[in-house]
Amino acid sequence: MSEEHRETGTGWPRPGEPVRPSGPAGEPDPRPEAPDSDELSPLAPVPDESAEPAEREAVPESEPEPGAVAGGPSAARRFSSAGAMIAVLLALLGFTLVVQFKTTSTDPTLAATREEDLVRISSDLDSRERRLRQEIELLEESQRQLRSGEQGRQAALEEATRRADELGILAGTLPAVGPGLEVRFSGPAKAVSSTRILDAVQELRGAGAEATQIQGADGTAARIIASTYFVDGSDGALVVDGRRLTGPFTIMVIGDPATMRTALNIPGGVVASVRDGGGNVTSEDREVVEVSQLHAPIKLDHARPVS
């Protein structure tokens with residue numbers, strides 16, 4: 001290669017100069033298919049053939065190994081931490097579900113209850129819910145009427161009268177009539193004791209009883225209110241608020257018949273305990289039950305209404 005060619009840095013003649021063959025005269029240029037100088041791009045450097053082969057070899061860029069993850073070990077640690085946290089949360093959720101299932105399935109009370117009894121209990125709860133919702137609606141309606149302006153005065157008078165009647169029935173100072181049950185207790189004194197009668201009264205109250213009275217075989221009756229007490233008498237008799245009643249005993253109660261009957265017949269309840277003692281309990285639905293026995297008003301010695 002001539003000295004002029006080396007000065008260009010490319011090993012090729014400058015543009016416009018004649019190509020000088022480097023071999024002997026008459027021999028073709030040993031470089032096959034050498035491109036013209038016009039075809040060479042000034043931006044793309046042409047490798048210098050005078051350079052050593054080691055210098056002309058391009059060093060290949062290092063490629064990531066198969067399976068390598070961008071980000072290095074720190075990204076792998078983040079992914080492993082997230083996976084561990086998800087596994088812990090799933091384990092806690094599964095443990096909670098297993099504990100809840102075992103608690104529900106191992107309830108001894110529900111496991112020993114028949115399907116018919118469960119249906120009755122569910123019906124009892126539904127009836128109580130409906131009754132409470134009705135009371136809420138009545139109270140809300142009374143509140144709206146009391147705030148309505150011109151009708152407030154009349155509504156207040158009607159509401160006061162209604163409340164007085166309700167309180168009179170609860171206190172036993174007014175008679176009451178309505179649908180309900182007639183419940184009859186018969187048997188020996190052990191089976192029909194004051195404790196069993198009190199249990200029956202409490203079950204009826206819990207099932208929505210609104211007015212109750214108890215009557216003996218001789219016709220003596222007593223109104224049952226919140227302060228009523230029961231004591232065992234001689235010869236199987238029952239003393240209610242100081243009145244002596246002889247068996248069999250009949251309770252007249254006003255309320256929802258189906259709900260109250262279900263409350264008396266729950267497993268291990270009043271009916272079951274009386275029958276275990278050798279007695280018997282019969283109940284009959286009544287469209288009209290009259291609770292006519294009155295209780296004397298309670299005289300208050302210390303309490304007085306707030307003005």
Side-chain angles (χ1 to χ4, degrees), residues 127 131 161-266 269-275 277-301:
S127 299
R131 186 171 62 255
T161 303
R162 185 182 68 83
R163 291 293 296 170
D165 293 340
E166 291 181 355
L167 294 176
I169 293 175
L170 294 175
T173 58
L174 293 177
V177 62
L181 280 180
E182 179 180 335
V183 186
R184 183 182 178 87
F185 294 83
S186 59
K190 180 181 179 181
V192 190
S193 62
S194 60
T195 303
R196 302 284 170 75
I197 298 298
L198 178 59
D199 291 342
V201 171
Q202 290 176 340
E203 288 290 350
L204 293 171
R205 284 177 178 169
E210 299 174 355
T212 311
Q213 75 176 28
I214 185 171
Q215 183 175 332
D218 58 354
T220 305
R223 184 71 171 265
I224 299 176
I225 61 174
S227 60
T228 299
Y229 65 88
F230 302 86
V231 179
D232 292 325
S234 59
D235 300 330
L238 185 66
V239 179
V240 182
D241 281 349
R243 296 188 178 187
R244 187 175 186 275
L245 282 65
T246 58
F249 309 105
T250 302
I251 295 180
M252 308 295 293
V253 55
I254 296 176
D256 181 56
T259 303
M260 295 188 295
R261 185 173 59 256
T262 301
L264 293 176
N265 288 276
I266 60 176
V270 175
V271 174
S273 61
V274 172
R275 289 176 179 174
N280 189 31
V281 180
T282 59
S283 59
E284 183 178 355
D285 293 5
R286 297 283 188 179
E287 294 183 359
V288 178
V289 174
E290 293 185 4
V291 177
S292 56
Q293 187 66 31
L294 301 181
H295 192 283
I298 300 175
K299 183 180 179 181
L300 303 178
D301 297 329

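Going from atom OG1 of T212 over to atom CG of L170 covers 10.0 Å, rounded to the nearest 0.5 Å. Between the CZ atom of R243 and the OG1 atom of T228 there is a distance of 10.5 Å, given to the nearest 0.5 Å. Remark: T250 OG1 to E182 CD distance equals 6.0 Å, nearest 0.5 Å. In this structure, T173 OG1 and L167 CG are separated by 8.5 Å, a value rounded to the nearest 0.5 Å. Note: L238 CG to F249 CZ = 4.5 Å, rounded to the nearest 0.5 Å. Here CE of M252 is found 8.5 Å from CD of E290. Values are rounded to the nearest 0.5 Å.
The existence of a salt bridge linking D241 and R223 is excluded, since no basic side-chain nitrogen approaches an acidic carboxylate oxygen closer than 4.0 Å.
Using modelled atom types, one side-chain atom of T262 and one backbone atom of A258 make a donor-acceptor pair closer than 3.5 Å. A donor-acceptor pair under 3.5 Å is formed between the side chain of Q213 and the backbone N or O of S292. At least one donor-acceptor pair under 3.5 Å links the side chain of R196 to the backbone N or O of A191. Between the side chain of S273 and the backbone N or O of V270, at least one donor-acceptor pair lies under 3.5 Å.
Here the closest heavy-atom approach between residue P188 and residue G277 is recorded as CG-O, 3.9 Å. Of all the heavy atoms in V291 and A211, the pair that sits closest is CG2-O, 3.9 Å. In terms of heavy atoms, A200 sits closest to L264 at O-CD2, 4.2 Å. Nearest heavy atom pair, residue S127 against residue D256, reads OG-OD2, 4.3 Å.
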(request) Just do the side-chain contact (heavy atoms from CB on, under 4.5 Å) check on V183 and V281 with the steps written out, would you? (result) CA-CA 7 Å; V183 186; V281 180; 3.8 Å; yes
(message) side-chain contact (heavy atoms from CB on, under 4.5 Å), that's the test. Do S186 and V192 meet it? Break it down for me.
(response) CA-CA 7 Å; S186 59; V192 190; 5.7 Å; no
(request) Applying side-chain contact (heavy atoms from CB on, under 4.5 Å), run through L181 and V289 and close with a yes or a no. (result) CA-CA 7 Å; L181 280 180; V289 174; over 6 Å; no
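When side chains are defined from C-beta on, F230 does not count as touching D199, because their heavy atoms never get closer than 4.5 Å. Between L294 and P175 the shortest side-chain heavy-atom distance falls below 4.5 Å. A heavy-atom distance below 4.5 Å is found between the side chains of N265 and R261. At a threshold of 4.5 Å between non-hydrogen side-chain atoms, the residues Y229 and V240 do not count as touching. Counting heavy atoms from C-beta on, the side chains of R163 and D165 never come closer than 4.5 Å. At least one side-chain heavy atom of N280 sits under 4.5 Å from a side-chain heavy atom of R275. Side chains of E284 and P257 form no contact here, defined as non-hydrogen atoms less than 4.5 Å apart.
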Throw together a table of side-chain donor-acceptor distances under 3.5 angstrom for residues 201-210, partners on residues two or more places apart or in other chains.
| from | atom 1 | to | atom 2 | distance (Å) |
| --- | --- | --- | --- | --- |
| R205 | NH2 | I225 | O | 2.4 |

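Between the side chains of D232 and S193, no donor-acceptor pair is found at a separation under 3.5 Å.
Applying the side-chain contact (heavy atoms from CB on, under 4.5 Å) rule to A217 yields the partners T246, P248; only residues at least two apart in sequence or on another chain are considered.
Under a cut-off of 6.0 angstrom, the local environment of CG in D218 is crowded, with over 12 non-hydrogen atoms contributed by other residues, nucleotides or ligands.
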